[in-house]
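Scroll down for the structure; my scribbles are underneath it.
Throughout, protein chains are lettered first and strands after them, A, B, ... in sequence-line order, and every chain is numbered starting at 1.
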Amino acid sequence: MGRTLAEKVWDAHLVRSTDNEPDLLYIDLHLVHEVTSPQAFDGLRAAGRKVRRPDLTIATEDHNVPTTAGPITDIVSRTQVEALRTNCEEFGVRLHPMGDASQGIVHVIGPQLGLTQPGMTVVCGDSHTSTHGAFGALAFGIGTSEVEHVLATQSLPLQRPKTMAIEVEGALPPGVTAKDLILGIITQIGTGGGQGYVIEYRGEAIRALSMEGRMTVCNMSIEAGARAGMIAPDETTFAYLENRPHAPKGADWVEAVQYWRSLATDDDASFDKVVTVDATALSPWVTWGTNPGQGAPLSAAVPQPRDGADERALEYMNLTAGTPLRDIAVDTVFVGSCTNGRLEDLRAVADVLRGRQVADSVRVLIVPGSVEVKEQAEAEGLDEVFTAAGAEWRGAGCSMCLAMNPDKLAPGERSASTSNRNFEGRQGPGGRTHLVSPAVAAATAVTGRLTAPADL
Amino acid sequence: MEKFTVHAGRAVPLCRSNVDTDQIIPAEYLKRVTRTGFDDALFKAWREDPEFVLNDKRYDGATILVAGPDFGTGSSREHAVWALQDYGFRAVISPRFADIFRGNATKGGLLPVQLEAAEVVELQRICTTDPTAELVVDLVEREVRAPGLTASFEIDDYTRWRLMEGLDDIGLTLTHEADISTFEASRPTWLPATA
């Protein structure tokens, strides 16, 4: 009986497996940021424990970081960032702080440094750790107690998850992006559809995606309820990794690639559940509600509520069923986050904004996912396209994806956002979020209403 | 952590689905570096509505939350569990929990109890009709008892044992330290290191 990609990676990391106990899984890479780690380091100190493998651990500052020049002025935020610095110093963990050339959103810097590789187990105290599954790694978010557990033992006790295949059949139509695909998938299976499963995304449309597109898809697995989402490594993966700072070199590279090729799901393997998605039926997608499963094609209208949750969402979003989605005006456009803050995303935005102006009524924030992405974008002159169009070009960080730094929506304000969550108040108390792709965000910035590039 | 065997208490009906962890505790409160003192932040935005169920004095002192499906979705913030515990909750009942929330809850001794949707609706009806109704969440027998209703729930043997003994995972894992060292010695040398 063959095995799936997820099962192969799981089996290769078993420290211990016995009946009636969770498996003990070894962790290859532990990513750390300032928000979910201070209590974990405190726990280590209280118990007199050390970080078992600081050499498999890396930290950065992202959630609290302002995206404009200058120090953190919020005292509580500054205290949290300073706590991370103190903890990394005391426990010997490599840190990329604000101002460092490799600082950035934790899920952008791991792949960029070549630390995320196929077949690895990757964890972080952040639910969007699923991003790293794009490389064929088993990567998932953990809570602070588990952060402490991994720091102390470099392992985690876990119940073996079920496996789900999402078979994406056919090719995405022109103008339809990875973000539209994952938003469409979540609309189809719901926010709880992947609960208890590791998803493997498969099929022609997935194979055709760049690594950046694959990261966008895997990033939002958690929005479908799945702790992890994976894509089998292939030539696209290897080409992305080769020559990255932490990628294997020389003979090691050859050996590693040979192993990575063996990870793909066997032809005779079976999944606990299979979901089929028709890529050819997808189009630019937006959310209208307050969870990522409440989405629709941009060409559609705000749907009739099916239940109390839908009614509540429409009330919070101040929307009326039947209103064409293209008629919805926004106050803010946010481009960035671990979902869509990479170079390819910024290029897509620049392609739309080049030679155009953003609407007077709209504030447009464009936030690179890392300092390196910022430098690459500037080397290509993308920053000049953005500022010429009237958008704000910011420094690297989580920014307006979540209201933990100065970038926030005001109460009642409405955004088109390339981030991952449209929860009530996610981008600021009382704020209203429509999740969109970078291309739709850019076109929306031009018209001030939810718009696809093809509409311009 | 505090042992959990049998807990009796009054319950709050939270008749909403998709209660994400941003609603349980907004990100603003995640800037704190402590592990306690989050009771003021629990359901912060919703509590500004006087009609919100936690503002109903009849539910003061309740220790069990009965919520709709997909409870704890979204962010991995364990602060959501700490806030529920700081407020006084010992157990949350829902037809379906997000995986990360469920794991976080059991690490800290907050019992996530998954029941059938119809059973949850009936429990919500019971504690809406009579806020003084007492529920019993019995981890030993793996069942919830309320006036006129007994519902059994599933939980794996290991997690149940750990909660009943009040044991934390790190100490248990460290008893297998030799296994971890053996595994470590077998890892390919080309795997990346950060230092």
Measure across [X] and [Y] and return the closest heavy-atom pair with its distance rounded to 0.1 Å.
| X | Y | result |
| --- | --- | --- |
| A403(A) | E28(B) | O-OE1, 3.7 Å |
| G125(A) | S76(B) | C-OG, 3.5 Å |
| I180(B) | S155(A) | CD1-OG, 3.7 Å |
| V33(B) | A83(A) | CG1-CB, 4.2 Å |
| L402(A) | A27(B) | CD1-CB, 4.2 Å |
| L56(A) | A193(B) | CD2-CA, 4.4 Å |

Can you tell me which of [options] forms the most heavy-atom pairs within a distance under 4.5 Å of chain B?
| options | answer |
| --- | --- |
| P248(A), A12(A), G192(A) | G192(A) |
| P245(A), A251(A), G114(A), G196(A) | G196(A) |
| H246(A), E21(A), E148(A), R312(A) | R312(A) |
| H63(A), H13(A), R52(A) | R52(A) |
| D126(A), T290(A), T36(A) | D126(A) |
| R49(A), E146(A), E223(A), Q159(A) | R49(A) |

Flag the pair [X] / [Y] as yes when at least one side-chain heavy-atom distance between them is below 4.5 Å, and no otherwise.
| X | Y | value |
| --- | --- | --- |
| T79(A) | R32(B) | no |
| T153(A) | H176(B) | no |
| P69(B) | Q195(A) | no |
| S145(A) | R35(B) | yes |
| I100(B) | R227(A) | yes |
| M120(A) | L191(B) | yes |

Nearest 0.5 Å, please: how far is OG in S127(A) from CG in D99(B)?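 If we round to the nearest 0.5 Å, D99(B):CG and S127(A):OG are 12.0 Å apart.
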For the atom pair CD (Q23(B)) and CZ (F423(A)), what is the distance rounded to the nearest 0.5 Å?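 So the CD of Q23(B) and the CZ of F423(A) are separated by 8.0 Å.
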Step through the shown structure and confirm whether more than 12 heavy atoms of other residues, nucleotides or ligands are within 6.0 Å of [atom1] on [X].
| X | atom1 | value |
| --- | --- | --- |
| E177(B) | CD | yes |
| K249(A) | NZ | yes |
| E315(A) | CD | no |

Between T182(B) and R16(A), is any side-chain donor less than 3.5 angstrom from a side-chain acceptor?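 Not at all, the side chains of T182(B) and R16(A) share no donor-acceptor pair under 3.5 Å.
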Can you see whether Q39(A) engages W82(B) through a side-chain donor-acceptor pair at a distance of less than 3.5 angstrom?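 Note: Q39(A) and W82(B) side chains miss the donor-acceptor criterion.
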Under 4.5 Å from any heavy atom of chain B, what part of [X] do you find: side chain, backbone, both or neither?
| X | answer |
| --- | --- |
| N20(A) | both |
| P54(A) | backbone |
| E424(A) | both |
| L113(A) | neither |

Can you tell which part of [X] gets under 4.5 Å to a heavy atom of chain A, answering side chain, backbone, both or neither?
| X | value |
| --- | --- |
| R16(B) | side chain |
| R102(B) | side chain |
| W161(B) | neither |
| F97(B) | backbone |
| D157(B) | side chain |
| S181(B) | both |

Go through it in stages, so that I can follow the logic: the residues are N18(B) and T191(A), the test is side chain to side chain donor-acceptor pair (under 3.5 Å), and I'd like the CA-CA distance, side-chain angles, deciding distance and then a yes or no. CA-CA 8 Å; N18(B) 273 290; T191(A) 56; 2.6 Å; yes
Determine, step by step, whether R426(A) and S75(B) satisfy the side chain to side chain donor-acceptor pair (under 3.5 Å) criterion, reporting the C-alpha distance in whole Å, the side-chain angles of both residues, the deciding distance to 0.1 Å, and the verdict. CA-CA 11 Å; R426(A) 170 75 177 185; S75(B) 161; 5.2 Å; no
Donor-acceptor contact below 3.5 Å, side chain [X] vs main chain [Y]:
| X | Y | value |
| --- | --- | --- |
| R94(A) | T194(B) | yes |
| T73(B) | G225(A) | no |
| D55(A) | A195(B) | no |

Just do the side-chain contact (heavy atoms from CB on, under 4.5 Å) check on T173(B) and L24(A) with the steps written out, would you? CA-CA 8 Å; T173(B) 296; L24(A) 189 63; 3.8 Å; yes
Carboxylate-amine/guanidinium contact K31(B) D74(A), below 4.0 Å: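 Salt bridge present between K31(B) and D74(A).
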Check the pair N291(A) / D20(B) against side-chain contact (heavy atoms from CB on, under 4.5 Å), numbers first and verdict last. CA-CA 9 Å; N291(A) 75 57; D20(B) 60 76; over 6 Å; no
Classify the angle between the aromatic ring planes of W260(A) and W190(B) as parallel (below 30°), tilted (30 to 60°) or perpendicular (above 60°).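 Rings of W260(A) and W190(B): perpendicular, as their planes differ by over 60°.
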Assess the residue pair T144(A) and K107(B) against the criterion (side-chain contact (heavy atoms from CB on, under 4.5 Å)); give the C-alpha distance rounded to whole Å, side-chain angles, the decisive distance to 0.1 Å, and a yes or no. CA-CA 9 Å; T144(A) 297; K107(B) 302 296 177 194; over 6 Å; no
